[in-house]
Amino acid sequence: MSTPAPRLDDLISREYQHGFVSEVESDAIAHGLSEDVIRVISSKKNEPPFMLEWRLAAYRHWLTMREPEWANVHHPPIDFQDIIYYSAPKSQKNGPKSLDEVDPELLRVYEKLGVPLKEREMLAGVAVDAVFDSVSVGTTFKEKLGSMGIVFCSFSEAVQEHPELVQKYLGSVVPYTDNFFAALNSAVFSDGSFCYIPPGVRCPMELSTYFRINAKDTGQFERTLIIADEGAYVSYLEGCTAPMRDENQLHAAVVELVAMERAQIKYSTVQNWYPGDKEGKGGIYNFVTKRGDCRGARSRISWTQVETGSAITWKYPSCILRGDESIGEFYSVALTNNYQQADTGTKMIHIGRNTKSTIVSKGISAGRGQNAYRGLVKVLKSADGARNHSQCDSLLLGDRCGAHTFPYIEVKNSTAQVEHEASTSRIGEDQLFYCRQRGLSAEDAVSMIVSGFCKEVFKELPMEFAVEAQKLLGVSLEGSVG
Amino acid sequence: MPSNDKQRTSGEPMLVVRDLAVKVDDKQILRGLDLTVNPGEVHAIMGPNGSGKSTLAQVLAGREAFTVTGGEVRYQGHDLLALAPEERAREGVFLAFQYPVEIPGVSNVYLLKAAVNAVRRHRGEQELDAMEFLSLIREKMKLLDMNDQLLFRSVNEGFSGGEKKRNEILQMALLEPALAILDETDSGLDIDALQVVSKGINALRSPERAMVLVTHYQRLLDYVVPDFVHVLAHGRIVKSGGKELALELEARGYGWIEQETARETAQAAK
């Protein structure tokens, strides 16, 4: 916070420096963060008073906090006064006008991943009108879901239309006091997704494809809240497998999941933000707080993540196993290539009786990538019969990368069973030569060996996603051999 | 240098190795090796441990840890050493590994299908879909008396020694190479497995296909009878002959050849 906080009237009158045209200008705030900025955000979004109060409380708390330094990642200090906290809608006019203006390297990757042409335009940020029928498709889905009582909309919409649900659950899993980035997000988040599944309803589709359209340009502080009421089920897919063009360097998102009695939430992520170039310049800092609360008995929350993008990933999707016999699962593949850094893992907090958790973490390091697994398994006194099984495997490609494992285990109940397995291996010359001698190119061979290593995680992903994720690993590892 | 004249039949040789010299970690392993193999022929390369047998097999397949410091290798009239390992494989050079490599999480059938289709693509043939591939592979597996479930286990992981070697021969049967190099395929096999593997190899002998068997023992040659036997010592072929040479080696060991070679070398030096 090196720059002094700007005053309110300066904020509104100051011109946005990137030269947006006038109608956009009026919707952009100048750099910096202060209570006034938060008031502006809240009033622009026409929020009810409880939201503003909550944001301000979060901001005041954030001022008392320091940026965490314990993660095994390194980056220059972030100047939080040099960030624009509200600029919706982002100007598409600032982006490329057609695919001809887009970095050919990016286009080559899309082609390799088999991304449809229209979608390539969207991902590359091309300014096109009425690209997507999906907007209307989205509406059709929404009607169908609505008839079942399912609420699925942007966070801003939820604040307007279902303020009682938002007020009841917002911050109930990740309070703004939780950590530095969660506090910052709570103060300034611009949008995100909201989902509520009523009691006994099984959501009939994977909430995915149109999500990525709905959520594009929600900016760097995104907030997601998913509630599965008693006996409900939902599978939610976040992200997209093609690299996203994005000017924001810092991403500090918060995801909260609430599973009531017998409810089940499956949350799958494929994260492929811009990782920076081969020399480690640029790239997204992805500092995310994701947590699920198994609030009711026999509820279940599963996190599945494939992390291949971002310059720095700092993320620990966690489960609070509060309900008796509730189940928490974490399946993760994290890949770092070139100069990428990942510090990721999970926390499983066993509170209820006979709660179970499973952790399967696969870290892949190539180039000069650094990959750390950090996990906490905590069994409280109340958690009779708790069980956990953790498995952390690391795969190294080359001799300049690193794999690190930091497992923490705290057990306060003698009936608990906690198991931890870990392995580190290297893609051998032998394996590569064997595959090549059978006619596979070195690239295909690496991608096959890596997919084999990740198999246990991929099988947790919805079918189509698993295929895409596999291709994505191949693309992300390009140039890491030979 | 022993003469290979009687091998030179009509048409182009499959493989011609001339004066090949190879180093690994600054250690000279092959020192001027010559070998000519014609289509339809089976050659056995024998020799004591450390003579360079496996090095020859690996260099032909394109292993990058070895440095060729001299000589040349022509395969079907082309410079083999200029090709990457996968290009050699697609052109029909197959190596059955002495120690088949384990690949956790990758099912055997997946690797086999990828390999077959890589070769088919290269030949301009249509790739096989899953059903076509399964029926092809089931037919080939009968030949080797293999259990279906080996297809769905991870490549070589938890395979017994015999299963690994059978799996190598299965791959050879699927890929139908022009030149098959079998590196100590008999090592670690009990007599039953040896018979099954030999049956598989024999079934693949054909007038268009050449085979090079690298082996330490005569044992395999009882089942797969070679046309030519070469003895490798100190990085070059020091003696060549017919299948009876293998029997002589079995009876007398390798020592006498080394002495003979030493004498010849001494005479040549004068």
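Within every chain, numbering begins at 1; the chains are lettered A, B, ... in the order of the sequence lines, protein sequences first and strands thereafter. Just so it is clear, the values below take in all heavy atoms, side chains as well, and ignore hydrogens, waters and symmetry mates.
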Contact leader toward chain A among E86(B), Q58(B), E102(B), where contacts are heavy-atom pairs under 4.5 Å: E86(B)
Contacting region of E429(A) [heavy-atom separation from chain B under 4.5 Å]: both
Contact class of R88(B) relative to chain A, heavy atoms under 4.5 angstrom: neither
Residue pair F433(A) / E64(B), side-chain heavy-atom distance below 4.5 Å: no
Flag if over 12 foreign heavy atoms under 6.0 Å of CG, D129(B): yes
Side chain Q437(A), main chain V93(B), donor-acceptor under 3.5 Å: yes
Per-residue contact mode, V155(B) against chain A (heavy atom under 4.5 angstrom): side chain
Test item: C435(A) and L111(B) side chains (from C-beta on) under 4.5 Å apart, heavy atoms: yes
Engaged part of P177(B) at the chain A interface, taking heavy atoms whose separation is under 4.5 Å: neither
Over 12 non-hydrogen atoms of neighbours within 6.0 angstrom of OH in Y110(B): no
Side chain / backbone / both / neither for Y434(A) at chain B, heavy atoms under 4.5 Å: both
Atom CZ of R387(A) with >12 non-hydrogen neighbours under 6.0 angstrom: no
By side-chain hydrogen bond (donor to acceptor under 3.5 Å, both in side chains) - contacts of Y99(B) (at least two apart): none
Contact winner vs chain A - A89(B), A114(B), S107(B), heavy-atom pairs under 4.5 Å: A89(B)
Under 4.5 Å from any heavy atom of chain A - which part of L175(B): side chain
Nearest heavy atoms of V106(B) and I449(A), plus distance in Å: CG2-CA, 4.3 Å
Toward chain B, the part of S441(A) with a non-hydrogen atom under 4.5 Å: both
Contact listing (chain A partner; residues 156-173 of chain B; heavy atom under 4.5 Å): N156(B), E168(B), Q171(B)
With E184(B) via side-chain hydrogen bond (donor to acceptor under 3.5 Å, both in side chains) - residues at least two apart: none
Residues in salt bridge (charged side-chain N to carboxylate O under 4.0 Å, His left out) contact with R90(B), at least two apart in sequence or another chain: none
R438(A) side chain reached by P85(B) side chain, heavy atoms, under 4.5 Å: no
